[in-house]
Undergrad: 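Take a look at this one; I'll ask things after.
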Amino acid sequence: MGFNAFDYKCMARALQLARRGLATTHPNPRVGCVIARDSEIVGEGWHRKAGEAHAEIHALNDAGDKAVGGTAYVTLEPCSHSGRTPPCVDALIDAKVARVVFAIEDPNPEVNGNGFQRLQKAGIEVQSGLMATEAKDINAGFLKRMRRGRPWVRIKLAQSMDGHIALANGSSQWISGSESRADVQNWRARSDAILTGIGTVLADDPSLNVRNGESVNQPARIIIDSHWRTPVNARLLNLAGNVLIAGLKEKPVPRALRKTGADCIGLPSFEGRVDMDAVLCKLAERGFNEIQVEAGATLCGTLIHQGLVDELLIYQAPIILGGAAISPFALPRLDNMDDRVHLKWVDSRRIGKDMRFRLRPARS
């Protein structure tokens, strides 16, 4: 049995609801749910915060008795295990819905098809795959963490038309316009953490916090600092939110740095610096889904070269900085065109005077 136009309408609305949780649900996935009966939407809900009711519960409460015999449209397979909240499949069964349509399976080992099976055993018609691409995009970080034990890594940068991120003297304020900088705040807000390198901390003393005028949970701030050089008076150490510093485990952490309250994590080395794959593994273990990288050419180049980047968020301003300016990625010299880093377009749009591009590695 396929899907009709009303099915698409309901799932599109569920996806719209799921996006309301972009900045609030981590480490949980963003999920939306719509309850419909007799070609009418009778209930809506979305997961708002970890530890609180899931999307299905909000939608069932909204629908009340109208859920009986209806269809539940959910952007992710309903959970079948007890965590901080009871299983959503039990609530759907108790509500006597006749049909459940979900966009994608939940790769969490505690779910991963069990929700589907339990609903079917209860006599409920179950279908999956409706608008799966859109659902995967909303939860790219959660899905990657569950499947591969790594968070989704997104590099954000602002560059000139000639592909530079700063003048030769390091000056970069401001390449992009105010509208682009406001847009960046929304991408920060949906991230579990903002990651930078010690070079950026020493040169710019950034805040790396969310400043969009809304009440949000501040993402963690992560500094890659192999030799534990972070100044104790660094701005990001004195703002709300958690700070993690990743350095070499064989190097002693200065006592003054520990006293700041930052979580200093000793990790193995790779080519003389902190092993970035080990960093990402550690962050996934701690429940981080999405990491936004706002760093200089060295760290961004390392992540690209090691194949650890999932997405690029590039704001290109209509300016030219000249040949001596700094490029965004410090990469090894290429002598063979076959070694190029290939990217694929996700989307592009005008943001004020700038263009914003989203690209992803074109991996085989």
Side-chain angles (χ1 to χ4, degrees), residues 3 6-37 40-64 66-67 70-95 97 99-108 110-111 115-116 119 126-143 145-146 152 186-192 210 212 214-217 219 287 289-290:
F3 301 111
F6 184 70
D7 291 329
Y8 277 92
K9 175 184 176 180
C10 291
M11 187 60 78
R13 176 57 180 163
L15 289 163
Q16 188 179 44
L17 292 167
R19 292 187 184 96
R20 294 185 181 181
L22 278 174
T24 61
T25 66
H26 42 77
N28 288 356
R30 299 107 178 201
V31 183
C33 179
V34 163
I35 308 294
R37 192 176 75 177
E40 178 188 0
I41 293 176
V42 297
E44 296 183 341
W46 72 95
H47 183 43
R48 301 173 187 185
K49 188 177 180 180
E52 297 184 1
H54 289 185
E56 297 92 322
I57 307 305
H58 285 298
L60 289 171
N61 289 339
D62 189 35
K66 293 180 180 179
T71 297
Y73 298 87
V74 195
T75 58
L76 187 69
E77 178 184 5
C79 66
S80 54
H81 66 290
S82 295
R84 284 184 278 186
T85 58
C88 289
V89 293
D90 290 350
L92 291 166
I93 293 169
D94 292 343
V97 300
R99 178 177 174 232
V100 173
V101 178
F102 61 85
I104 54 175
E105 289 188 354
D106 186 344
N108 184 337
E110 295 183 296
V111 185
F116 187 111
L119 290 167
V126 187
Q127 291 176 277
S128 65
L130 178 59
M131 302 187 74
T133 300
E134 293 85 346
K136 290 176 182 177
D137 190 57
I138 291 175
N139 281 308
F142 174 79
L143 297 174
R145 178 168 68 88
M146 287 295 162
W152 184 266
N186 297 326
W187 287 91
R188 282 185 180 179
R190 67 173 283 171
S191 304
D192 297 77
V210 177
N212 61 4
E214 300 178 6
S215 177
V216 298
N217 295 322
N289 292 326
E290 284 188 26

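Along the sequence shown, residues carry numbers from 1.
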Undergrad: For residues Glu134 and Met11, determine if any side-chain heavy atom of one lies less than 4.5 Å from a side-chain heavy atom of the other.
TA: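 Side-chain contact under 4.5 Å: no.
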
Undergrad: Excluding sequence neighbours, so at least two apart, what forms side-chain contact (heavy atoms from CB on, under 4.5 Å) with Ile93?
TA: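 Ile93: side-chain contact (heavy atoms from CB on, under 4.5 Å) contacts with Leu119, Ala122, Ile124.
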
Undergrad: Considering residues at least two apart in sequence or located in another chain, which fulfil the side-chain contact (heavy atoms from CB on, under 4.5 Å) criterion with Asp94?
TA: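 Checked Asp94 against side-chain contact (heavy atoms from CB on, under 4.5 Å); zero matches.
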
Undergrad: Would a 4.5 Å heavy-atom cut-off, applied to side chains only, mark Tyr73 and Gln127 as touching?
TA: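 Not in contact.
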
Undergrad: Within a strict 4.5 Å, meaning less than it, do heavy atoms of the Val74 and Glu56 side chains meet?
TA: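 A side-chain contact under 4.5 Å exists here.
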
Undergrad: Return the minimal non-hydrogen interatomic distance between Ala189 and Ala23, and the atom names on each side.
TA: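 Answer, listing the atom of Ala189 first, then Ala23: O-CB, 3.3 Å.
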
Undergrad: Search all heavy atoms of Ala103 against all heavy atoms of Ala132 and return the closest pair with its distance.
TA: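 Looks like O-CB, 3.6 Å.
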
Undergrad: Holding to side-chain contact (heavy atoms from CB on, under 4.5 Å), I want the full list of residues that pass it with Glu105, two or more places apart in sequence or in another chain.
TA: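 Glu105 satisfies side-chain contact (heavy atoms from CB on, under 4.5 Å) with Glu77, Phe102, Asn112 once adjacent residues are dropped.
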
Undergrad: Please, which pairs that meet side chain to side chain donor-acceptor pair (under 3.5 Å) have at least one residue in residues 12-23, sequence neighbours excluded?
TA: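 Listed once each, the pairs are Arg13-Gln16, Arg13-Glu44.
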
Undergrad: Taking all atoms of both residues into account, what is the closest heavy-atom pair of Phe116 and Ser128, and its distance?
TA: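 Where Phe116 meets Ser128 most closely, the heavy atoms are CE1-OG, 4.4 Å.
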
Undergrad: Quick one: closest heavy-atom pair of Gly51 and Asn28, and the distance?
TA: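 For Gly51 and Asn28, the tightest heavy-atom pair comes out as N-ND2, 4.2 Å.
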
Undergrad: Do Ile104 and Leu143 have side chains that approach each other closer than 4.5 Å (heavy atoms only, starting at C-beta)?
TA: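 Ile104 reaches Leu143 side chain to side chain.
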
Undergrad: Using 0.5 Å steps for rounding, measure from the CZ atom of Phe142 to the CG atom of Leu76.
TA: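 So the CZ of Phe142 and the CG of Leu76 are separated by 6.5 Å.
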
Undergrad: Is there side-chain contact between Lys66 and Ile35, with heavy atoms separated by less than 4.5 Å?
TA: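 Not in contact.
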
Undergrad: Between Thr75 (side chain only) and Gly32 (backbone N and O only), is there a donor and an acceptor less than 3.5 Å apart?
TA: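 Yes; judged by distance alone, with no hydrogens or angles, the pair exists.
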
Undergrad: Can you tell if the side chain of Met131 reaches within under 4.5 Å of the side chain of Tyr8, non-hydrogen atoms only?
TA: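 Heavy-atom side-chain distance check passes, below 4.5 Å.
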
Undergrad: Under the salt bridge (charged side-chain N to carboxylate O under 4.0 Å, His left out) rule, what pairs show up with a residue in residues 22-31, not counting sequence neighbours?
TA: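 Counting only pairs at least two positions apart or across chains, the salt bridge (charged side-chain N to carboxylate O under 4.0 Å, His left out) contacts touching residues 22-31 are Arg30-Glu290.
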
Undergrad: Any carboxylate oxygen within less than 4.0 angstrom of a Lys/Arg side-chain nitrogen, looking at Asp7 and Arg99?
TA: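 Salt bridge between Asp7 and Arg99, a charged N being under 4.0 Å from a carboxylate O: yes.
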
Undergrad: Can you find a heavy atom in the side chain of Pro27 that is under 4.5 Å from one in the side chain of Arg145?
TA: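 Yes - at least one pair of side-chain heavy atoms lies under 4.5 Å apart.
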
Undergrad: Can you give me the closest heavy-atom contact between Asn289 and His26, atom names plus distance?
TA: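 Taking every non-hydrogen atom into account, ND2-CB, 4.3 Å.
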
Undergrad: Which residues pass the side-chain contact (heavy atoms from CB on, under 4.5 Å) test with Ala91, not counting sequence neighbours?
TA: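 Result, side-chain contact (heavy atoms from CB on, under 4.5 Å) vs Ala91: Ile57, Leu60.
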
Undergrad: To check you understand the geometry: which heavy-atom pair defines the closest contact between Pro219 and Val210, and what is its length?
TA: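 Looks like CD-CG2, 3.4 Å.
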
Undergrad: So, do Cys33 and Leu17 sit near enough that their side-chain heavy atoms are less than 4.5 Å apart?
TA: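 Answer no - side chains too far apart.
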
